[in-house]
Amino acid sequence: MKFDDYRISPDIKKSLEKLNFRKPTDIQFRVIPSVLKGEDVLAIAQTGTGKTAAFAIPVIHKVQMGKIAGRANAIKCVVMVPTRELAVQIAEVFNKIGQYTRVNTINIHGGVEQEPQIAKLTKGADIIVVTPGRLFDLVSQGFIKLDKVETVIFDEADHMLDKGFLKDLQDLIRHLPVKRQTLFFSATINETIKKLAYSLVKNPIRIQLSPKDPVSKNVDHAVAFITMDDKRFFLERLIHEHPDKKILVFVRTKVRAERVIKALARMSIPAVALHGDKDQHDRLQTLGEFRGGQHKILVATDVSARGIDIPNVDYVVNYDIPDVPETYVHRVGRTGRAFNKGYAVAFCSEEEKPLLQAIESYITKPVKVLDINRKDYTDTLAFTTDVNTDWKSLLREEEQAEKAAKLKKRKKK
Ligand code: ADP
Ligand code: MG
C-alpha cells in the first residue's frame, strides 16, 4: 500500500512525497481509513512508529475538504499534548503535511506570553495543538471557541488522562460539542485509563496495534550495574567511546541534571540541560540546537521523555532508573525513530534494582545485562579526567540541593 492509493487530497500526497514518506507505517495503515470514516479510535503503537502523521494526514484532509466546501472558518480540531515542546513539534508536523493546503495549524502552550497566541488566533486557525492549562485560560477569557470542533485528539493519551491533567480536561470537555470524533494515541496504556478513554466516547472504539512488549523493536536496550557514585565515570567513558554520536541522558530530577552537566564540564565534555526549571524560550532553543546538532549531549528530565522526535539520537542513557515503568519505554523510545535503529543503556545501582524489576515485569521480559568485568570497571574509574573525585562531598551537596528544591516547591504551593 502506498500513500498514492489513499483517498486523500493530492496536496497532501505531494507534501508526503516531499517529506520522503513513501509508504504508510503499520499504525498509519490501520488508522487513516478509520479516521477518514469518522470513527473514534484508540491507537496503541510503539514509540517512533509515526503516530503523529497517522492522525495528522486524515484530519488535514477532512479540514481541507470542509474548507473547499465553504464551511465557516472556525477551529475544527484540537490536539491535546502534555508538554510545550510537543505542542510546537506536532503543530510543525501538521503544517508540513498541510503545506500545500490552506489548512492552518497553530500551537497554544503555557510558559510564554499569551498575546502573540491571541494575535494568531484572531487571524484564524483550523487546527490547534495545545497544552490543557493555556487552552483552558484562553477558553475562559473567550479567545478560543470550541463549539465547531469536529475532532479531538489526545496524544500521549495515557499521560493526558492521568491524574495531573484530568481536572483540566474534564473542564475543557464541557466546552466541546457532544457530537465529535475522539482519537487517543499512545505507546503505553493501562486498563484504568482505557476505561476512562471509553467513557469519553460514544461510538465503540477501535483498538489498533497493541504489542505485549511496548519497547520499540528498533531499540537495542540493555542495563549495566553501576554504583550510584560511579555513574558519571561510565557516562564519560560512553561519550569518549562514541565521540560523534548524539546522546540523550535522562535523570530523575532537575538538580541531578545540573549535577551531571557540572561533572561533565569538569571532564571538559560540553553538554546542555533541559528541565522544567528553565525558561520556556531556553527550553525550546536548547532542544532546537540539540536537534540541529550544535549540541551532541543533552541531559534531560522526563519533560522530554514523551513524544519528542529527534530523528538522529544514537544513544539514550538512563542515568537514573525511572520510577514509573512506562517512562522507561518512552525514554528509550527517543531513539530508533521511524525506520532507524537505536541504542539505550540504563545505569542501575543496587538501590534501584526494585525499579528495574518493575520495568521488567511491565515490559514482560528481562532487560539484557551488559557484563562489566572487574578490570573494566576499575579501568573506567582510573581513566577519568574528573579532578573532583571527592564524591562523598558531591553527593552531600546534591542531597542538600534536592532538599532545598523540595522545600522551595512546598513553599510555592
Ligand atoms: P510516534 O508518535 O509514533 O512516536 P512520530 O509521529 O513522532 O512517532 O514519528 C516518528 C518519525 O517517523 C518522525 O521523524 C516522522 O517524520 C517519521 N515518519 C512518520 N511516518 C513516516 C512514513 N510513513 N515514512 C517515513 N517516515 C515516517
Ligand atoms: Mg508521538
Side-chain angles (χ1 to χ4, degrees), residues 1-6 8 12-33 35 41-61 79-99 105 107 129 131 153-160 183-189 208-211 214-219 246 248 287-288 290-292 302-314 316 326-342 344:
M1 186 88 174
K2 295 200 215 86
F3 281 118
D4 234 13
D5 306 329
Y6 281 86
I8 49 174
I12 296 176
K13 286 180 184 170
K14 186 169 150 194
S15 63
L16 293 177
E17 213 177 290
K18 191 168 167 197
L19 289 171
N20 230 348
F21 287 11
R22 296 212 169 105
K23 58 178 175 55
T25 62
D26 291 348
I27 191 71
Q28 290 162 0
F29 177 73
R30 308 267 306 262
V31 164
I32 292 171
V35 178
V41 177
L42 169 70
I44 309 301
Q46 293 167 333
T47 54
T49 52
K51 292 188 285 295
T52 317
F55 54 78
I57 293 169
V59 164
I60 295 169
H61 172 82
V79 186
M80 309 247 195
V81 299
T83 63
R84 299 154 185 183
E85 283 78 2
L86 201 51
V88 173
Q89 177 186 303
I90 290 185
E92 242 171 59
V93 174
F94 271 83
N95 283 323
K96 274 189 192 149
I97 296 176
Q99 62 187 297
T105 304
N107 59 66
V129 187
T131 54
I153 301 166
F154 295 89
D155 194 27
E156 305 296 339
D158 58 333
H159 194 48
M160 297 303 294
L183 314 175
F184 302 94
F185 285 81
S186 189
T188 53
I189 196 127
Q208 313 277 348
L209 313 179
S210 184
V215 175
S216 162
K217 282 195 277 299
N218 293 349
V219 181
K246 218 184 227 187
L248 178 51
L287 197 62
F290 184 58
R291 223 180 225 128
D302 288 321
V303 293
S304 335
R306 288 235 180 201
I308 296 303
D309 181 52
I310 301 170
N312 47 354
V313 172
D314 305 286
V316 167
E326 283 92 331
T327 305
Y328 179 83
V329 174
H330 292 281
R331 283 181 178 186
V332 304
R334 291 322 97 207
T335 183
R337 314 283 301 163
F339 301 107
N340 299 309
K341 289 235 35 104

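Just so you know, ligand 1 is whichever comes first in the structure, and atom 1 is the first atom listed for that ligand. When reading the values below, keep in mind they use all heavy atoms of this one structure, side chains included, and skip hydrogens, waters and symmetry mates.
Side-chain atoms of Asp158 and Arg306, non-hydrogen and from C-beta on, do get closer than 4.5 Å to each other. Asn312 is listed as a side-chain neighbour of Ile310, based on a closest heavy-atom distance under 4.5 Å. Under the 4.5 Å side-chain criterion, counting only non-hydrogen atoms from C-beta, Ile189 is in contact with Leu42.
The nearest protein atom to atom 15 (C) of ligand 1, hydrogens excluded, is given as Phe21 CZ, 3.9 Å; this is a heavy-atom distance. Scanning the protein for heavy atoms near atom 20 (N) of ligand 1, the closest one is Gln28 NE2, 2.8 Å. Shortest contact from atom 8 (O) of ligand 1 to any protein heavy atom: Gly50 N, 3.2 Å. Among all protein heavy atoms, the one lying closest to atom 4 (O) of ligand 1 is Gly48 N, 2.7 Å. With hydrogens left out, the protein atom closest to atom 23 (N) of ligand 1 is Lys23 O, 2.9 Å, a heavy atom. Looking only at heavy atoms of the protein, atom 12 (O) of ligand 1 is closest to Ala338 CB, 3.2 Å.
Shortest non-hydrogen contact noted between Phe185 and Ala54 is CE2-CB, 4.1 Å. When all heavy atoms are compared, the tightest approach of Thr327 to Ala305 is CG2-CB, 4.5 Å.
Residue-level proximity to ligand 1 for Phe339 is carried by the side chain, the only part with a heavy atom below 4.0 angstrom. Residue contacts with ligand 1, taken as heavy atom pairs separated by less than 4.0 Å, involve Asp309 solely via side-chain atoms from C-beta onward. Looking at Phe29 against ligand 1, nothing comes within 4.0 Å, counting heavy atoms. Of the heavy atoms in Arg337, only side-chain atoms (C-beta onward) come closer than 4.0 Å to ligand 1.
Atoms of ligand 1 lying under 4.0 Å from at least one heavy atom of Thr47, given by number and element, are 4 (O). Less than 4.0 angstrom separates some heavy atom of Phe3 from each of these atoms of ligand 1: 23 (N). Proximity to Thr49 (heavy-atom distance under 4.0 Å) selects the following atoms of ligand 1: 1 (P), 3 (O), 8 (O). Proximity to Thr52 (heavy-atom distance under 4.0 Å) selects the following atoms of ligand 1: 2 (O), 5 (P), 6 (O), 7 (O).
Evaluated for a side-chain contact (heavy atoms from CB on, under 4.5 Å) with His330, the options Asp302, Thr188, Val215 yield exactly one hit, Thr188.
On a distance-only criterion, Gln89 and ligand 1 share no N/O pair closer than 3.5 Å. Below 3.5 Å of separation, one finds no N or O of Ala53 facing any N or O of ligand 1. The shortest N/O to N/O separation between Pro24 and ligand 1 does not fall below 3.5 Å. Between Arg22 and ligand 1, a contact under 3.5 Å exists for no N or O pair. The shortest N or O to N or O distance between Lys51 and ligand 1 is below 3.5 Å.
For the pair Lys246 and Phe290, the distance from NZ or CZ to the six-membered ring centre is under 6.0 Å and the angle to the ring normal is within 45 degrees.
Between the OG1 atom of Thr52 and the CG atom of Leu86 there is a distance of 7.5 Å, given to the nearest 0.5 Å. Of the inter-residue distances, the one linking Gln99 atom CD with Leu16 atom CG reads 9.5 Å to the nearest 0.5 angstrom. Rounding to the nearest 0.5 angstrom, the gap separating the CD atom in Glu85 from the OG1 atom in Thr131 is 10.0 Å. With rounding to the nearest 0.5 angstrom, the CD1 atom of Ile57 is 4.0 Å from the CD1 atom of Ile32.
Between Asp309 and Lys51, no side-chain nitrogen of the basic residue sits less than 4.0 Å from a carboxylate oxygen of the acidic one, so the salt-bridge criterion is not met.
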